[in-house]
Amino acid sequence: MIMRLGIRRFLTMAVGSAILGAGLACFSDRGTVTAPNGAQCAIPLDPNLLGSTVIAIKDLAYLPAQVTVKAGTKVTWANCDVANGDHTSTSGTGVFDSGIMSAGPPAGIFSFTFPQAGAFGYICTVHPSMQGTVLVQ
């Protein structure tokens with residue numbers, strides 16, 4: 001029991017510290033994404049998300065709608081929009097496509113690492129009025 005608590009505490013601290021700038025606080029086997037408007041949703045606690053910039057999908061919007069990252073950064077979309085169901089994050093130029101992400105809980109997630117500089121616009125193919133941009137420096 002003590003060892004189990006120690007591992008949980010370690011994972012919580014490690015993941016929370018690595019993704020703190022993206023608004024991800026972790027507990028147990030799930031983390032919580034907090035969007036700029038205060039919306040929250042549970043996402044799977046996954047070591048592959050360490051160092052990722054997180055974009056929450058909530059209320060038919062990408063939050064934030066625009067992010068700026070350095071080349072080589074992993075961006076993760078988390079579908080927190082239980083009220084509006086399935087969403088995608090699909091590049092307008094075919095560079096990436098999440099496929100359908102269910103709302104969960106836990107939220108459906110998709111990650112993509114941007115290897116080079118550029119502006120990458122994307123939409124939700126289920127709700128085309130949802131649009132976002134990843135600016136890579």
Applying side chain to side chain contact (heavy atoms under 4.5 Å, CB included) to Asn79 and Ile109, what does each step give before you reach the verdict?
CA-CA 6 Å; Asn79 183 2; Ile109 60 171; over 6 Å; no
Find out whether Ile55 and Val75 are in side-chain contact, i.e. whether some heavy atom of one side chain is under 4.5 Å from a heavy atom of the other.
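Of all side-chain heavy-atom pairs linking Val75 with Ile55, at least one is under 4.5 Å.
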Thr68 vs Gln137 side-chain heavy atoms within contact, under 4.5 Å
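Yes, close enough: below the 4.5 Å cut-off.
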Determine yes or no for a side-chain-to-main-chain donor-acceptor pair under 3.5 angstrom, with [X] supplying the side chain and [Y] the backbone.
X: Asp97; Y: Gly99; result: yes
X: Ser52; Y: Val54; result: no
X: Tyr62; Y: Cys124; result: yes
X: Ser111; Y: Thr76; result: no
X: Thr88; Y: Thr125; result: yes

Minimum heavy-atom separation for [X] and [Y], please, with both atom names.
X: Ala103; Y: Gly85; result: CB-O, 3.9 Å
X: Tyr122; Y: Ala65; result: OH-O, 4.0 Å
X: Ser98; Y: Ser89; result: OG-N, 2.8 Å
X: Ala71; Y: Ala117; result: CB-N, 4.4 Å
X: Cys80; Y: Ala107; result: N-CB, 4.4 Å

Atom pair CG (Leu63) and CD1 (Ile57), whose distance is rounded to the nearest 0.5 Å:
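Output value for this atom pair is 9.0 Å.
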What do you reckon, are the aromatic ring centroids of Phe112 and Trp77 less than 6.0 Å apart?
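Not under 6.0 Å, so no.
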Before we go on, tell me: are the rings of Phe96 and Phe120 under 6.0 Å apart, centre to centre?
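Not under 6.0 Å, so no.
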Side chains of Ser102 and Asp86: any donor to acceptor distance under 3.5 Å?
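No pair is found: no donor N or O on one side chain lies under 3.5 Å from an acceptor on the other.
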For the residue pair His87 and Asp81, confirm or rule out a side-chain donor-acceptor distance under 3.5 Å.
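Indeed, the side chains of His87 and Asp81 share at least one donor-acceptor pair under 3.5 Å.
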Report whether Val126 and Met101 are members of the same hydrophobic cluster (ILVMFWY, side-chain heavy atoms less than 4.5 Å apart, transitive linking).
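In one cluster with Val126: Met101, no.
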Honestly curious: do Ile123 and Val95 fall in one hydrophobic cluster under the side-chain, below-4.5 Å linking rule?
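No, no single cluster joins them.
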Qualifying residues under side chain to side chain donor-acceptor pair (under 3.5 Å), relative to Thr73, sequence neighbours excluded:
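Residues passing side chain to side chain donor-acceptor pair (under 3.5 Å) with Thr73: none at all.
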